[in-house]
Number of protein chains: 2
Amino acid sequence: MVQRGRRAVRVSGDERQDAILVTAEQLLGTRAFDDISIEDLARGAGISRPTFYFYFASKDDVLLALLDRVIAEVERRVGELPRDFEGDPAGSWTRSIGMFVEVFVSHRGVSIAAIAARARNNEVRALWSRAMQSWAEFSTDVILSERARGAAPHGIDAGDLAVSLNLMNERVITAALNRETPAIGESRALDVLSTIWIRSIYGSDNPSRQ
Amino acid sequence: MVQRGRRAVRVSGDERQDAILVTAEQLLGTRAFDDISIEDLARGAGISRPTFYFYFASKDDVLLALLDRVIAEVERRVGELPRDFEGDPAGSWTRSIGMFVEVFVSHRGVSIAAIAARARNNEVRALWSRAMQSWAEFSTDVILSERARGAAPHGIDAGDLAVSLNLMNERVITAALNRETPAIGESRALDVLSTIWIRSIYGSDNPSRQ
DNA sequence: GAAACAGTCAACACCGTGTCGAACCCTTGG
DNA sequence: CCAAGGGTTCGACACGGTGTTGACTGTTTC
């Protein structure tokens with residue numbers, strides 16, 4: 001969209017909406033969500049504060065849209081994941097977990113803000129909750145089929161195990177992204193998480209291949 | 001402190017301070033920290049809003065004081081814990097984890113609020129961080145001595161393992177307290193967590209007794 | 001060319017936080 | 001006994017962020 005002569009060409013609504021999202025993700029790279037005001041987002045998108053409300057109902061709404069994109073990316077990549085749990089159980093789990101780590105690391109600001117926003121915002125909570133449930137379900141299914149083929153021991157409920165491990169990943173990754181103390185460095189996280197998943201699912205470091 | 005005649009006896013500063021803390025913990029049982037205003041705390045303690053500031057610098061300061069008590073309780077009970085990892089490894093870990101679950105369940109509101117407040121408040125973050133570090137250190141030491149006596153396999157760094165497991169506990173317990181979806185019910189959490197700890201520390205469900 | 005529509009923003013109302021200064025006790029020592 | 005001084009209290013204010021309103025400006029459609 002080029003300016004012609006002196007006259008500014010009117011920018012379309014979609015571009016404005018996008019400009020707000022871009023500004024938000026960018027600002028989230030440098031400061032916390034709470035430290036970004038609607039004024040900041042509006043200014044970044046080249047509009048006034050009231051106009052912001054024409055595009056989003058609230059600041060949380062912007063975060064929700066960003067989170068939606070991140071989750072969509074994860075879902076897409078979950079679908080594309082090569083699955084060979086019978087032939088290479090350890091490698092398959094590691095690849096799955098690695099994908100999560102990659103996506104969240106590449107959207108660090110949004111991930112951190114969204115996970116923190118869960119506590120106060122119902123929609124963010126619901127969105128994240130739905131995603132977690134789908135990941136936990138995926139894990140549960142794999143654990144059950146590993147048990148069915150005799151590769152993994154029975155014992156605790158597979159669903160409970162899957163949920164706990166997924167929650168662990170969420171927390172360990174968040175701690176790494178936030179550079180908390182204590183935390184596992186981003187580079188070592190994948191290795192540690194995989195080991196815990198494999199040991200607690202198979203009861204051993206070397207799950208049998210088919 | 002009894003009232004004599006018509007005249008109200010002046011209440012001491014310590015009692016006021018305590019009244020604020022009591023009000024806060026009580027209100028946290030019914031609503032989220034963000035939904036409690038300083039006005040609410042002041043009213044609950046029978047004082048005006050400006051007077052609140054005489055006792056605490058901010059709302060977060062109140063939470064910090066409450067969290068401090070909870071952590072102190074955990075530390076005290078960690079010290080009182082019977083330790084017999086060589087004679088009964090599984091039972092010893094389960095008792096440790098069970099203690100954490102108990103304390104956090106019994107201070108549900110404070111725990112949830114404090115863990116959420118970490119994201120925005122440096123002092124809360126530092127306090128929690130120090131506590132987590134001390135628990136992770138305790139876990140690391142036990143893991144190392146279990147490895148030294150040949151009961152647990154080597155492999156990943158003991159510190160990383162301990163940190164991850166502690167972070168998992170934090171998250172799983174928080175999810176249970178918040179009644180999130182997905183989450184493990186408070187009653188089943190202990191069992192699931194213990195199993196994961198034991199499998200990932202010992203690589204088996206039945207760690208050898210000495 | 002007028003009606004309908006998308007987009008924009010100055011001005012306003014509101015709410016919660018934090019501050020300030022003037023009071024109001026209650027001791028204490030002269 | 002009372003005056004001084006510290007501990008305590010709060011009305012009134014300033015501030016910053018959110019969300020709303022209503023009037024205005026271009027743009028499209030028939």
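When reading the values below, keep in mind they use all heavy atoms of this one structure, side chains included, and skip hydrogens, waters and symmetry mates. Values in this document were obtained by computation on a predicted structure and should not be read as measured data. Per chain, numbering begins at 1; letters A, B, ... match sequence-line order.
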Nearest-Å distance for atom pair CZ/P, residues F56(B) and dT9(D): 13 Å

Mutual orientation of the aromatic rings belonging to F104(B) and W128(B) [parallel < 30°, tilted 30-60°, perpendicular > 60°]: tilted

Pairwise distance CG(L81(B)) to OG(S92(B)) - rounded to 0.5 angstrom: 8.0 Å

F33(B) and its side chain to side chain contact (heavy atoms under 4.5 Å, CB included) partner, picked from L28(B), V62(B), L27(B): L28(B)

Short side-chain N/O contact to dT9(D) OP1/OP2 from Y55(B), under 4.0 Å: yes

For atom CZ of R120(A) and atom P of dG17(D), their distance in whole Å: 16 Å

Nearest-nucleotide pick for P50(B), side chain only, options being dT20(D), dG11(D), dT17(C): dG11(D)

Pairing stems for DNA chain D [at least three consecutive pairs; Watson-Crick or G-U; under 3.5 angstrom]: C:1-30 with D:1-30

Whole angstrom value for the distance that separates P of dG7(C) from CD1 of I20(A): 11 Å

From R125(B), R118(B), R120(B), residue fulfilling salt bridge (Lys or Arg N to Asp or Glu O under 4.0 Å) relative to D60(B): R120(B)

Nucleotide of dT18(D), dT9(D), dT19(C) approaching Y53(B) most closely (side-chain heavy atoms): dT19(C)

Whole-Å distance separating the CZ atom of F52(B) from the P atom of dT19(C): 12 Å

Any residue of residues 26-41 of chain A with a heavy atom less than 4.0 Å from an atom of DNA chain C: none

Between E75(B) and S134(B), a side-chain donor and acceptor under 3.5 Å: yes

Test side-chain contact (heavy atoms from CB on, under 4.5 Å) applied to H107(B) and E73(B), step by step: CA-CA 11 Å; H107(B) 296 284; E73(B) 186 177 338; 3.0 Å; yes

Distance in angstrom units between K59(B) NZ and dC15(C) P, rounded: 16 Å

Phosphate OP1/OP2 of dT8(C): any T51(A) side-chain N/O under 4.0 Å: no

Plane angle bin for F85(B) and W93(B) - parallel if under 30°, tilted between 30 and 60°, otherwise perpendicular: perpendicular

Spacing of W197(B) atom CH2 and M168(B) atom CE [to the nearest 0.5 Å]: 7.0 Å

List the atom pairs, donor and acceptor, that lie under 3.5 Å between side-chain atoms in residues 42-49 of chain B and the rest of the protein, sequence neighbours left out.
| unit_1 | atom_1 | unit_2 | atom_2 | d |
| --- | --- | --- | --- | --- |
| R43(B) | NH2 | D40(B) | OD1 | 3.1 |
| S48(B) | OG | T51(B) | OG1 | 3.1 |

Whole-Å distance separating the CD atom of Q17(B) from the P atom of dG7(D): 15 Å

Which residue lies more 5' along DNA chain C, comparing R49(A) with F54(A) via nearest heavy atoms: F54(A)

